Amino acid sequence: MEKLEVVSPAGVNAAKLSGAAPRINDLNGKTVCEVWNGVFKGDIAFPIIRKLLKEKYPGVIIIPYTAFYHLPGSDVPKRQRELAQQIVATAREKGCDALISGNGA
């Protein structure tokens, strides 16, 4: 298995400064939610990510992107805050411990 190192373009301390949640060490028994805005083949990528996560963490619960409000073009600035609030509300309702977002181009 190849190991990849990911570096944030915002710098080493970006996650710390943004108030990001602490990492989850083991996804078994955790609920992972998928959020997709309809751009660049998430409908192909998410099932693959889902399969790989379930292979590595058999006890993971995955809430698919279809369970979240979706609107193509949701990156339109006028709607971003409203849509973000809907995503947060749904994630809380579904009991998400982690969320996969930003898949694609």
Side-chain angles (χ1 to χ4, degrees):
M1 177 181 276
E2 183 178 352
K3 184 177 180 180
L4 301 175
E5 183 175 343
V6 178
V7 179
S8 169
V12 176
N13 294 319
K16 187 182 242 183
L17 294 174
S18 72
R23 291 180 179 259
I24 299 172
N25 292 329
D26 185 354
L27 293 178
N28 280 306
K30 302 291 189 218
T31 300
V32 176
C33 296
E34 304 169 343
V35 175
W36 179 46
N37 69 351
V39 179
F40 196 72
K41 302 184 182 190
D43 54 333
I44 295 170
F46 274 116
I48 295 167
I49 294 168
R50 201 177 302 137
K51 177 182 179 286
L52 294 171
L53 283 174
K54 287 182 178 184
E55 286 174 3
K56 186 167 183 172
Y57 305 102
V60 70
I61 299 160
I62 299 179
I63 307 295
Y65 64 85
T66 54
F68 283 81
Y69 180 77
H70 162 72
L71 178 67
S74 59
D75 54 349
V76 174
K78 289 191 242 178
R79 302 275 331 266
Q80 284 180 341
R81 182 177 299 273
E82 175 190 342
L83 294 170
Q85 290 170 340
Q86 289 174 340
I87 290 168
V88 169
T90 304
R92 286 186 176 141
E93 174 188 310
K94 304 284 184 189
C96 298
D97 297 297
L99 190 135
I100 303 171
S101 176
N103 176 60

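Owing to the predicted nature of the structure, the values given are computational and were not obtained by experimental measurement.
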Next on the checklist: Tell me every residue that passes salt bridge (Lys or Arg N to Asp or Glu O under 4.0 Å) with Lys54, counting only those two or more places apart in sequence or in another chain.
Outcome noted: none
Next on the checklist: I'd like to check the side chain to side chain contact (heavy atoms under 4.5 Å, CB included) partners of Ala67; sequence neighbours left out, ordered by chain and number.
Outcome noted: Ile63, Lys94
Checklist entry - Is the shortest heavy-atom distance from the side chain of Phe68 to the side chain of Ser101 under 4.5 Å? => result no
Checklist entry - If you round to the nearest 0.5 Å, how far is CG of Leu53 from CG of Asn28? => result 10.5 Å
Next on the checklist: Return the CD1 to CD1 distance between Ile49 and Ile44, rounded to the nearest 0.5 Å.
Outcome noted: 12.0 Å
Next on the checklist: Gln85: which residues meet the side chain to side chain contact (heavy atoms under 4.5 Å, CB included) condition with it, sequence neighbours left out?
Outcome noted: Arg81
Item to check | Qualifying salt bridge (charged side-chain N to carboxylate O under 4.0 Å, His left out) pairs with a residue from residues 57-69, counting only residues at least two apart or across chains | outcome: none
Next on the checklist: So, using side chain to side chain donor-acceptor pair (under 3.5 Å) as the criterion, who are the partners of Glu55 when residues are at least two apart?
Outcome noted: Lys51
Checklist entry - Minimum heavy-atom separation for Pro47 to Gly42, with atom names? => result CD-O, 3.8 Å
Next on the checklist: Taking Val88 as the starting point, is it possible to reach Leu99 by hopping between hydrophobic residues whose side chains are less than 4.5 Å apart?
Outcome noted: no
Checklist entry - According to the salt bridge (charged side-chain N to carboxylate O under 4.0 Å, His left out) rule, which pairs have a member within residues 24-37, sequence neighbours left out? => result Glu34-Arg50
Item to check | Gap separating the CZ atom of Phe46 from the CD1 atom of Ile100, nearest 0.5 angstrom | outcome: 6.0 Å
